[in-house]
Amino acid sequence: AVKLHGGIDILVSNAAVNPFFGSIMDVTEEVWDKTLDINVKAPALMTKAVVPEMEKRGGGSVVIVSSIAAFSPSPGFSPYNVSKTALLGLTKTLAIELAPRNIRVNCLAPGLIKTSFSRMLWMDKEKQESMKETLQIRR
């Protein structure tokens, strides 16, 4: 990005995985590692990597994409829910630490979006209606 565009003004951290569906008591260490490495550690390390480039330009913006699951956990998505909640803490911590460097840090927590990633929540009409009720939305 630095070579192609001359610098970095913004980082949008949106990558995530959910390699498991079931009870938190059945999550293996490997699933925890993969989920936390990609969903939490990667945004922290990416931010660390771009901050020096943002500072060269006088500041910047970091946008971390969490999920409604951080506030209203979805049953069966245990490690994912935990990782998205952790992103709230990461955002708050980075916001405090990077503010003096003129780098703004915000977090988005979108609701259910019909993608292949969330197929399990919207393919079944009953689950879809339950999700709408939980999120108190009509669509």
Side-chain angles (χ1 to χ4, degrees):
V2 173
K3 286 181 184 177
L4 187 61
H5 300 290
I8 297 174
D9 299 304
I10 185 168
L11 168 66
V12 178
S13 179
N14 188 46
V17 296
N18 182 41
F20 178 84
F21 183 80
S23 169
I24 196 166
M25 302 312 295
D26 296 326
V27 180
T28 65
E29 185 173 351
E30 291 77 22
V31 167
W32 276 117
D33 288 345
K34 181 175 184 174
T35 304
L36 296 176
D37 281 354
I38 293 171
N39 296 7
V40 182
K41 191 164 83 172
L45 295 176
M46 283 295 298
T47 302
K48 180 180 177 181
V50 300
V51 162
E53 295 302 325
M54 289 180 176
E55 286 182 303
K56 289 177 187 175
R57 296 172 72 86
S61 179
V62 175
V63 179
I64 295 174
V65 180
S66 178
S67 167
I68 192 69
F71 300 99
S72 182
S74 299
F77 289 86
S78 308
Y80 179 81
N81 296 332
V82 171
S83 72
K84 292 303 181 170
T85 303
L87 289 176
L88 300 178
L90 178 63
T91 300
K92 292 175 182 181
T93 301
L94 288 171
I96 291 166
E97 290 191 16
L98 298 180
R101 300 176 186 199
N102 199 33
I103 299 172
R104 184 178 61 250
V105 184
N106 292 293
C107 185
L108 299 176
L112 181 61
I113 299 171
K114 287 186 176 182
T115 64
S116 59
F117 188 86
S118 65
R119 180 178 293 121
M120 195 174 284
L121 297 173
W122 58 265
M123 285 296 286
D124 179 317
K125 285 293 181 194
E126 187 177 314
K127 283 183 182 178
Q128 184 178 15
E129 291 306 313
S130 173
M131 182 61 69
K132 286 194 261 183
E133 180 69 28
T134 299
L135 298 176
Q136 301 178 352
I137 58 175
R138 293 185 185 97
R139 57 181 172 85

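Quick caveat: nothing in here was measured; it's all calculated off a predicted structure. This chain uses plain numbering: 1 for the first residue, then up along the sequence.
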For the residue pair [X] and [Y], what are the closest heavy atoms and their distance?
| X | Y | answer |
| --- | --- | --- |
| Ser66 | Pro110 | O-CD, 3.8 Å |
| Pro73 | Asn81 | CB-ND2, 3.4 Å |
| Ile64 | Leu94 | CD1-CD1, 4.0 Å |
| Val40 | Ser83 | CG2-O, 3.5 Å |
| Ser78 | Val27 | CB-CG2, 4.5 Å |

- To the nearest 0.5 Å, atom CG of Leu87 lies from atom CG of Leu108 at 11.0 Å
- Message: List the residues meeting salt bridge (charged side-chain N to carboxylate O under 4.0 Å, His left out) with Lys41, not counting sequence neighbours, and say none if there are none.
- Response: Asp37
Single-linkage hydrophobic cluster [X]~[Y], side-chain heavy atoms < 4.5 angstrom:
| X | Y | answer |
| --- | --- | --- |
| Tyr80 | Phe21 | yes |
| Phe77 | Met25 | no |
| Leu90 | Val62 | yes |
| Val82 | Ile38 | no |
| Leu4 | Val2 | no |

Do any side-chain atoms of residues 46-54 form donor-acceptor pairs under 3.5 angstrom with protein atoms, and if so which ones, sequence neighbours left out?
| from | atom 1 | to | atom 2 | distance (Å) |
| --- | --- | --- | --- | --- |
| Thr47 | OG1 | Pro43 | O | 2.7 |
| Glu53 | OE2 | Lys56 | NZ | 3.1 |

- Note on the structure: Here the salt bridge (Lys or Arg N to Asp or Glu O under 4.0 Å) pairs for residues 73-102, sequence neighbours left out, are Glu55-Arg101
- Pairs touching residues 6-28 that satisfy salt bridge (Lys or Arg N to Asp or Glu O under 4.0 Å), sequence neighbours left out: Asp9-Arg57
- Can you list the other members of the hydrophobic cluster that holds Leu88, where links are side-chain heavy atoms under 4.5 angstrom apart? Phe71
- Query: Does the side chain of Asn18 reach to within under 4.5 Å of the side chain of Thr35, using non-hydrogen atoms?
  - Reply: no
- Using a 4.5 Å cut-off on heavy atoms from C-beta on, say whether the side chain of Leu36 contacts that of Pro79. no
- Task: Output, in order, the C-alpha distance, side-chain angles, deciding distance and verdict of side-chain contact (heavy atoms from CB on, under 4.5 Å) for Asn106 and Thr91.
- Result: CA-CA 6 Å; Asn106 292 293; Thr91 300; 5.6 Å; no
- Message: Test of understanding: with side chain to side chain donor-acceptor pair (under 3.5 Å), list the residues that count as partners of Arg104, not counting sequence neighbours.
- Response: Ser61
- Kindly say whether Ile68 contributes a backbone atom to a donor-acceptor pair with the side chain of Ser72 at under 3.5 angstrom? no
